[in-house]
**Student:** 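Here it is, the structure, as structure tokens.
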Amino acid sequence: MHFEKLLSVMLMGKSEGKKPVSEMNIGLIGHVDHGKTTLTEALTGKFTDEHSEELKRGISIRLGYADFQIRKCPKCEPPRCYTRFERCFFCGSETELKRVVSIVDCPGHETLMATMLTGASLMDAAILVIAANEPCPQPQTAEHLMAVNVVGIDKIIIVQNKIDLVSEEEAIKNYEQIREFVKGTVAENAPIIPISAQHGANIDVLMEAIEKYFPTPKRDKSKSLLMYVARSFDVNKPGKDIKQVVGGVLGGSIVQGVVKVGDEIEIRPGIEGKDGKYEPLITKVTKIMQGSVELEEGTPGGLVAVSTTLDPSLTKADAMVGNVVGHVNELPETLYEVDMEYHPLPRMKGTKEEFKVEKLKVGDAVLMNVGTARTVGVCTGVKGDVCTFKLKIPICAKEGDKAALSMQINGRWRLIGYGVLK
Ligand code: GDP
Ligand code: MG
Ligand code: ZN
């Protein structure tokens with residue numbers, strides 16, 4: 001057994017049958033400075049550690065991923081029985097591992113909707129972080145909620161953060177603003193949990209809510225493999241002896257199916273040829289990692305790093321982002337032109353700059369996010385709600401898949417709605 005594997009098993013406690021493997025991805029969304037990164041740390045307790053661990057492996061994370069364990073004290077009452085620690089803070093009992101989930105934080109360019117949308121395509125559920133000490137909604141509070149709406153995420157918990165900074169009266173007023181704001185959206189019936197991420201207050205209540213409202217989605221293992229590539233790497237140090245060079249690494253989330261060590265996989269659209277057509281790549285899986293745990297098979301949930309026999313120059317510096325991975329001949333076709341049914345965004349209450357693009361017309365250039373793929377489509381025809389787009393970079397997608405659509409409005413890419421592939 002690998003030392004790391006052994007270590008992680010030891011850290012987990014011996015008698016538990018469960019492997020510390022993530023079962024689902026939960027996104028943290030909301031306006032900048034409302035506390036997403038602080039909450040990630042409060043939940044996982046090791047965000048920075050894991051980050052530097054990843055850096056050591058040559059894998060720096062642009063979309064922040066951090067796994068955390070939901071553990072339960074067998075003696076204490078809920079919600080205080082919920083913890084990420086191995087010992088109960090209240091009674092000292094050994095706690096039991098319920099499951100491991102991954103947090104997807106969208107760091108840095110929070111205002112870049114495209115980054116947010118890439119993250120959203122990997123989320124099974126979302127926590128909307130709203131600061132209690134500011135009027136609701138702030139611009140990205142609304143935009144991020146619209147984005148998860150568009151991608152089709154309907155499992156949402158709202159946290160009212162920074163509760164330590166407001167009086168009870170202000171907290172109630174803010175709560176009412178939130179309730180009003182989410183009316184008519186996917187978050188209409190979402191629970192609203194007051195917390196202080198910085199002081200660790202009510203984190204146990206949030207964990208209880210995650211257990212209740214975010215059950216692990218049912219996964220059909222017999223479905224064909226589909227993985228969205230969100231990162232890709234060349235993990236070799238420059239000047240390494242050619243005989244020791246290891247193959248390219250693909251990082252991303254598995255949306256459905258299973259990938260095993262030894263599998264032959266196909267990557268689409270692949271690489272561009274001289275004629276502008278893309279050639280899929282076929283390669284072999286040599287290793288699968290999740291954090292520091294080596295896996296025999298990769299399943300949905302968390303960020304998996306799949307090592308391959310690809311020439312590492314193909315995967316360096318995120319070059320493979322936006323591709324999909326499947327078993328050979330099981331992926332959808334590569335499309336250079338698509339027909340999409342256009343659904344404009346509903347207008348949202350309380351947003352400052354209101355705009356709405358009711359109809360698209362020939363010549364409009366639209367930024368499309370499909371899974372982790374990002375391309376520009378130029379509208380070449382409109383028939384009722386259905387628009388035809390010529391794509392700058394092809395996508396690998398099938399009928400019924402959704403694309404988030406953005407347009408440049410006053411010099412900024414703004415989400416205008418979504419398209420459903422015909
Ligand atoms: P993000 O942009 O949404 O990731 O927000 P951050 O997590 O970076 O937090 C922004 C700022 O708010 C930081 O200075 C945090 O220390 C602070 N902050 C976050 N949560 C709380 C909280 O619960 N109470 C207080 N008082 N400050 C907080
Ligand atoms: Mg942040
Ligand atoms: Zn206890």
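We count ligands from 1, going down the list as the structure has it; atoms in each ligand are counted the same way. Note: hydrogens, waters and symmetry copies are ignored here, and every other heavy atom, side chains too, is used.
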**Student:** Can an N or O of H199 be found at a distance shorter than 3.5 Å from an N or O of ligand 1?
**Tutor:**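 Between H199 and ligand 1 (N or O atoms, distance only) the closest approach is not under 3.5 Å.
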
**Student:** Assess whether atom CD of E77 is packed by more than 12 heavy atoms of other residues, nucleotides or ligands within 6.0 Å.
**Tutor:**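 Count not over threshold, so no.
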
**Student:** So between K36, Q160, Q198, whose heavy atom ends up nearest atom 21 (C) of ligand 1?
**Tutor:**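 Nearest option to atom 21 (C) of ligand 1, by heavy atoms: Q198.
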
**Student:** Less than 4.0 angstrom from a charged side-chain N to a carboxylate O is my criterion; do R268 and E330 meet it?
**Tutor:**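 Salt bridge: no.
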
**Student:** Which of the numbered atoms in ligand 1 are under 4.0 angstrom from any heavy atom belonging to L165?
**Tutor:** 26 (N)

**Student:** Using a 3.5 Å cut-off on N or O atoms only, is L39 in polar contact with ligand 1?
**Tutor:** no

**Student:** Between D164 and ligand 1, which part of the residue brings a heavy atom under 4.0 Å of the ligand: side chain, backbone, both or neither?
**Tutor:**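 The answer is the side chain of D164.
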
**Student:** Would you say the side chain of L421 lies within less than 4.5 Å of the side chain of D339, judging by non-hydrogen atoms?
**Tutor:** no

**Student:** Decide yes or no for V306 and V249: does some side-chain heavy atom of the first lie under 4.5 Å from some side-chain heavy atom of the second?
**Tutor:**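 With C-beta onward as the side chain, the pair stays apart.
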
**Student:** Examine K155 relative to F214 and say whether NZ or CZ is less than 6.0 Å from the centre of the six-membered ring and inside a 45° cone about the ring axis.
**Tutor:** no

**Student:** For the pair K183 and E180, find out whether any cationic side-chain nitrogen is under 4.0 Å from an anionic carboxylate oxygen.
**Tutor:**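 Judged by the 4.0 Å cut-off on N to carboxylate O distance, K183 and E180 do form a salt bridge.
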
**Student:** Which one of D33, N202, T38 has a non-hydrogen atom at the shortest distance from atom 19 (C) of ligand 1?
**Tutor:** T38

**Student:** Could you tell me which atoms of ligand 1, counted from 1 in the order shown, lie closer than 4.0 angstrom to a heavy atom of S196?
**Tutor:** 22 (C), 23 (O), 24 (N)

**Student:** Polar contacts were defined as any N/O atom of the residue lying under 3.5 Å from an N/O atom of the ligand; does this apply to A197 and ligand 1?
**Tutor:** yes

**Student:** With atoms numbered from 1 as shown, which atoms in ligand 1 lie under 4.0 angstrom from a non-hydrogen atom of H31?
**Tutor:** 3 (O)

**Student:** Report whether any nitrogen, oxygen or sulfur of T37 sits less than 2.8 Å from the Mg ion (ligand 2) (N, O or S, backbone or side chain).
**Tutor:**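 Checking the Mg ion (ligand 2) against T37, an N, O or S atom does fall under 2.8 Å.
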
**Student:** Take the Zn ion (ligand 3) as the vertex and measure to SG of C73 and SG of C88; round to 10°.
**Tutor:** 110°

**Student:** Is it true that some N/O/S atom of C91, main chain or side chain, lies under 2.8 Å from the Zn ion (ligand 3)?
**Tutor:** yes

**Student:** Heavy atoms, side chains only, cut-off 4.5 Å: are E170 and Y175 in contact?
**Tutor:** no

**Student:** With a cut-off of 4.0 Å, which atoms of ligand 1 are near a heavy atom of V32?
**Tutor:** 2 (O)

**Student:** How many angstroms lie between atom NE2 of H327 and atom CE of M227, to the nearest 0.5 angstrom?
**Tutor:** 11.5 Å

**Student:** Measure up the H343 and Y418 rings against each other and bin them: parallel (under 30°), tilted (30 to 60°), perpendicular (over 60°).
**Tutor:** parallel

